[in-house]
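Report on the following structure.
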Amino acid sequence: MQWTLVVPLKPLDRAKSRLSDTAGDGLRPGLALAFAQDTVAAALACPAVRDVVVVTDDARAGRELGALGAGIVPDEPGGGLNAALAHAAAVVRASRRAGAVAALNADLPALRPPELARALDTAAAFPRAFLADTAAIGTTLLAASPDRELRPSFGPDSRSRHRASGAVELCLDGVDSVRQDVDTGDDLRAALALGVGPHTAAAAARLLIPEQ
């Protein structure tokens, strides 16, 4: 099964506020963009991924991620993250007819294409499935088969909400790079220990955080 990934990204000047203890206001937008660039590049290199669509209204992010090969759709209808994801999934399916769609976080800078392929290949066995983040509280991947709506419920405690919605939790070992999102300085250090992509490595060097 080939997947279209929908990747949501806030305007860069509002992204990653919880990294304030690690990166100042002048550095966080570039760091958020670096995370997204490495995430999108790895996703596009995954054999299970047909294409990647980024949901954003940020002009800079749109240019940079579009240059990597991602499609860009506006953040509509202005009702928050889940409404934007549902809208983007509908747009994708309308333009590509029926297809498997998955929402993927934009802050997975250590993402490995083979690990993403394993998660998506496992998800293909279920109508809807999700992968919890490293903290086992949130969600980094939510997948829906061609005949099912995505029904995203991201936000605080999204693992419990996605499970309650009927999505199957993927309990996989060896997919740490798909689970390691970055919200805090500790998360960033954990991602660096896994090994991040070149954009995040360069941004981390500006923060004087050595790549492990």
Side-chain angles (χ1 to χ4, degrees), residues 5-46 52-75 78 80-82 84-85 88 103-113 115-116 131-141 154-158 175-212:
L5 301 188
V6 180
V7 179
L9 183 62
K10 288 181 181 179
L12 297 176
D13 61 358
R14 294 196 283 110
K16 297 301 157 192
S17 60
R18 291 172 60 191
L19 278 170
S20 59
D21 62 339
T22 303
D25 292 345
L27 293 175
R28 282 200 308 277
L31 197 59
L33 177 58
F35 295 165
Q37 287 172 303
D38 287 331
T39 300
V40 167
L44 286 168
C46 174
V52 175
V53 173
V54 177
V55 185
T56 188
D57 283 339
D58 191 286
R60 178 188 175 194
R63 288 194 305 272
E64 297 292 341
L65 298 172
L68 293 176
I72 309 297
V73 300
D75 188 352
L81 171 61
N82 292 308
L85 283 172
L104 181 73
N105 286 12
D107 58 351
L108 301 170
L111 187 64
R112 302 284 190 272
E115 294 184 13
L116 176 59
L131 188 69
D133 63 11
T134 300
I137 297 172
T139 303
T140 58
L141 176 74
F154 287 87
D157 202 23
S158 63
V175 292
D176 292 348
S177 75
V178 194
R179 301 181 65 215
Q180 185 59 67
D181 55 353
V182 177
D183 290 317
T184 67
D186 286 342
D187 293 337
L188 178 54
R189 292 177 182 88
L192 289 168
L194 287 174
V196 296
H199 298 93
T200 302
R206 290 193 290 272
L207 296 175
L208 302 180
I209 299 176
E211 185 172 5
Q212 303 298 309

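Every heavy atom of this structure was used, including side-chain atoms; hydrogens, water molecules and symmetry mates were not.
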Would you call Leu188 and Thr200 a side-chain contact if the rule is heavy atoms closer than 4.5 Å? yes
Please check if the side chain of Glu115 supplies one atom and the backbone of Ser177 the other of a donor-acceptor pair under 3.5 Å. yes
dist Asp75:CG -> Asp58:CG (nearest 0.5 Å) comes out at 10.5 Å
Nearest non-hydrogen partners of Pro109 and Asp38, listed with the distance: O-CB, 3.8 Å
Between Pro8 and Ala106, which heavy-atom pair has the shortest distance, and what is it? O-CB, 3.3 Å
For residues Leu9 and Leu65, determine if any side-chain heavy atom of one lies less than 4.5 Å from a side-chain heavy atom of the other. yes
From CG (Asp183) to CG (Asp186), nearest 0.5 Å: 11.5 Å
Answer yes or no: is there a side-chain heavy-atom contact under 4.5 Å between Gln180 and Leu108? no
Using the rule side chain to side chain contact (heavy atoms under 4.5 Å, CB included), only one of Leu12, Asp13, Leu19 pairs with Arg28; which is it? Leu19
Minimum heavy-atom distance between Leu194 and Ala110, given as atom pair plus value: CB-CB, 3.9 Å
If you look at every heavy atom in Arg112 and Gly195, which pair is closest and at what distance? NH1-O, 2.7 Å
Counting C-beta onward and ignoring hydrogens, is there a side-chain heavy-atom pair between Leu31 and Lys16 closer than 4.5 Å? no
What distance separates Leu5 CG from Leu116 CG, expressed to the nearest 0.5 Å? 6.0 Å
Could you measure the distance from the CG atom of Leu111 to the CZ atom of Phe35? Nearest 0.5 Å is fine. 13.5 Å
Any side-chain heavy atom of Asn105 within less than 4.5 Å of one from Thr39? no
Under the side chain to side chain donor-acceptor pair (under 3.5 Å) test against Ser158, which residue among Asp133, Thr139, Thr140 passes? Thr139
Closest non-hydrogen atom pair, Leu33 against Ala61: CD1-CA, 4.0 Å
Between Pro113 and Cys46 the two heavy atoms that sit nearest each other are O-SG, 3.5 Å
